[in-house]
2 protein chains.
Amino acid sequence: MTRDCRGAVPHAGTTVAVAPVRVLQSHSSASSGRGGTVGVTLRDVARAAGVSPATASRALSAPDLVAPARREHVQQVARELGYRPNRAARELITGRTGNLCLVVPDLENPFFAAVAKGVQARARALGLALLVADSEEDPRLEAELVAHLGAQVDGVILCSPRMPDLDLERLGREVLEDDVPLLLVNRPHEGLPSVVIDNTDGVRQAVAHLYALGHRRIGYAGGPVGSWSDSQRRRGLEHASHGLRDIEVVDLGHFPPVFGGGVAAGDLVAAGGVTAVLAHNDLLALGILSRLRARGVAVPEQVSVVGYDDIPAATLVSPALTTVTVPLARLGRTAVDLLIEAGSARTTAPPSADPPGSVLIGVELVVRASTGVAPARSSEASG
Amino acid sequence: MTRDCRGAVPHAGTTVAVAPVRVLQSHSSASSGRGGTVGVTLRDVARAAGVSPATASRALSAPDLVAPARREHVQQVARELGYRPNRAARELITGRTGNLCLVVPDLENPFFAAVAKGVQARARALGLALLVADSEEDPRLEAELVAHLGAQVDGVILCSPRMPDLDLERLGREVLEDDVPLLLVNRPHEGLPSVVIDNTDGVRQAVAHLYALGHRRIGYAGGPVGSWSDSQRRRGLEHASHGLRDIEVVDLGHFPPVFGGGVAAGDLVAAGGVTAVLAHNDLLALGILSRLRARGVAVPEQVSVVGYDDIPAATLVSPALTTVTVPLARLGRTAVDLLIEAGSARTTAPPSADPPGSVLIGVELVVRASTGVAPARSSEASG
DNA sequence: TTGTATGCGTTATCAC
DNA sequence: GTGATAACGCATACAA
């Protein structure tokens, strides 16, 4: 790594006036001369507008409380002076930071990246900034981050598929003490608001699709043990298969929900005698796809593969992956809305009014090239 | 989307004591009774430790200034009381927020996701939180975000491949006024610190590799017009080819640096009579790969493909993509370090001491299955 | 080395 | 509807 210190020549064009002395006297309104917008305080605005600081404050933060004429005048003056409220001072007295916080296991995981994008967009639309923390898949660190960052934000959104329930319990209490709303993504928990994906319906759609294509023996490559969404999807799988004649679901086991996990799962698919496999998520499915190809198993001619989430990479491979589309950006936006709602409910209502809500995000199967009609089989059951 | 308000039954197990009255009297040390760690102020610590607030402050923020015995005592007391400094109050007086800000065009783009991850990790290691903003590929929004968020952080890291130089110039000035260091990623600019990738060397390695495999006619699928890294890579390409006998570089044009752009580029590859193609980045290369496959062009037997960046998806496809590995996480970490350096230099040194530094991040070609020996050709030049 | 006192910029509480 | 004034919690200049 080379270090390249660039041109030692200072700007030659305009002369930037840098004040060499620090003025520490009482507010000497730096507004005379275009010295910059730095340090324009509310008092400056008030003075320039000929009103008291209190009125100036109200004119900007609670316009309804001030007479229309004055209000507009103050706002005009503030604009001219380039006034920008000091967030620290405001926070110090209101207790609100104007920031939200998002904790995810891995920013590079396209699933969380999409959620983060949605969260960020909605937060900004509401005039809030977003602190993002990556826990590096470490539940312990997640808890620490929530506790740490929770102190400097108005609300926390936590994506923590694998944090033990007990830790969650504790976090919930801490957060209640600190009066900072905590929202869970893709994981419900008693007493906490959450936004979750409809796992059972997604699985149902996937199974129905495969069944319609003639598949009767379907493998499931599961996610990590202890993952809430995995247990949900297993449940959905059972439920869905109950309604269909002659179907058999083969549990291929638990796998890390990444590409590498899919490679391992791929071998079990090949060995399991199934004609189709549903993976816990797309990364896993892509790994399976890759492994099957390497072993010379044709997809979808010999085996059909279905993923979950519909991450961008699902369309980059060939055959493109049939998968369950999860509106991740919407999930993120909804999370913010619900969090805000929880926050304002907390201040409006007495101690604990209504329990925090939980929102279910609908999903939709999108059929691509990785699924096809089941290969002819030695039929084993009579019709 | 269903709305499911969960169980209306309050907690039945433990009884959570919620204080129904708000204590507004002078500090009545809530430490008696385990009422919670909320509101433990420095004065409380001072009182409990039997020292003045000033000493308590120093014991925690400037330990060297207080006698060892007292110091440890105060720290102990603070720990026991669960004291946590109020960031707003601290910021109000010190002017430092303890936050950095990162602005990227698209959080879902694996390139920026990786950078963000590195930035976040390093920031946390330094005890700083990270505000992340996604500009949705809109340079105008980027400028606005920097201006807006810059006011509430100690430094800004900007990834803005396509922002016009003029806007950058203006941002640089604004930021200088606000006294907030601004650092550019993958884009140098006079007067601003930056961390950039070694584009010319990456291209050189790629060309050398292809040349060694016997390729003599190599296509380049470029990035967007106005992209600094694209112009750098084109320059590197020229330079690299000058040193090699009998080589010809074919400019395939400018493409949006996404999968779809690669699809378009793929057709030109097929039509251009080249035996190898170097893409501006991996997404583009993946699109080319996909298009070539769709058209029945074998990779690498007929055409070799090289990408740039080495995003995770590069190994998910088959054939796996030969590409130039960019240590993106390191890039992010370096950005933070350099930004901090710039920040402290700003306060330490008089007005403008030394111009901000620029760091060059080295890259390395990683050879995978998408490149192979050049097909036999109708040799056109004598040896 | 330690304590006292002041101020950071804003909003909230009161009187008017 | 408006203005004086007191906090908010902390760090620091200054005196001791």
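Just so we're on the same page: letters track the sequence lines, and every chain starts at 1. Scope of the values below: all heavy atoms of this structure, side chains included, with no hydrogens, waters or symmetry mates. None of the values given here were measured: they were computed from a predicted structure.
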How many Å lie between [atom1] on [X] and [atom2] on [N], as a whole number?
X	N	atom1	atom2	value
Glu91(A)	dG9(D)	CD	P	12 Å
Ile93(B)	dC8(C)	CD1	P	9 Å
Arg96(B)	dC8(C)	CZ	P	18 Å
Leu92(B)	dA7(D)	CG	P	17 Å
Asp44(B)	dG9(D)	CG	P	9 Å
Arg47(A)	dA4(D)	CZ	P	12 Å
Arg43(A)	dC8(C)	CZ	P	8 Å
Gln152(B)	dG9(C)	CD	C1'	16 Å

Decide whether Glu80(B) and Gln76(B) meet the rule of one side-chain donor and one side-chain acceptor closer than 3.5 Å.
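Gln76(B) and Glu80(B) do have a side-chain donor-acceptor pair below 3.5 Å.
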Count the heavy atoms of every other residue, nucleotide or ligand shown that sit under 6.0 Å from CZ of Arg170(A), and state whether that count exceeds 12.
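Yes, because the 6.0 Å sphere around CZ of Arg170(A) holds more than 12 heavy atoms from other groups.
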Under 3.5 Å: donor-acceptor pair, side chain of [X], backbone of [Y]:
X	Y	answer
Asp154(B)	Arg96(B)	no
Asp44(B)	Thr41(B)	yes
Arg87(A)	Ala88(B)	no

Extract all donor-acceptor atom pairs below 3.5 Å that involve side chains of residues 48-60 of chain A and protein atoms in other chains or at least two apart in sequence.
| from | atom 1 | to | atom 2 | distance (Å) |
| --- | --- | --- | --- | --- |
| Ser52(A) | OG | Ala54(A) | N | 3.3 |
| Ser52(A) | OG | Thr55(A) | N | 3.2 |
| Ser52(A) | OG | Thr55(A) | OG1 | 3.3 |

Check every strand shown and say whether Pro85(A) touches a base, only sugar-phosphate, or nothing at a heavy-atom separation below 4.0 Å.
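Sugar-phosphate only.
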Considering only side-chain heavy atoms of Leu42(A), which listed nucleotide, dT10(C), dA4(D), dG9(C), is closest?
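The listed nucleotide nearest to Leu42(A)'s side chain is dT10(C).
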For a quick test of reading the model: is some side-chain N or O of Arg90(A) closer than 4.0 Å to OP1 or OP2 of dT11(C)?
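Result: yes.
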Can you tell me if Thr41(B) touches the phosphate of dC10(D), counting only side-chain N or O atoms and a distance under 4.0 Å to OP1 or OP2?
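Checking Thr41(B) against dC10(D): at least one side-chain N or O falls below 4.0 Å of OP1 or OP2.
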Applying side chain to side chain donor-acceptor pair (under 3.5 Å), name anything that partners Gln75(A), two or more places apart in sequence or on another chain.
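Testing Gln75(A) for side chain to side chain donor-acceptor pair (under 3.5 Å), a comparison that skips the adjacent residues, returns none.
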By nearest heavy atom, map Asn86(B) and Ala54(A) onto DNA chain D; which one lands nearer the 5' end?
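With Asn86(B) and Ala54(A) compared, the 5'-side residue is Ala54(A).
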What are the residues of residues 55-72 of chain A, sorted by number, that bring a heavy atom to within less than 4.0 Å of DNA chain C?
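Result for residues 55-72 of chain A: Ser57(A), Arg58(A), Ser61(A), sorted by number.
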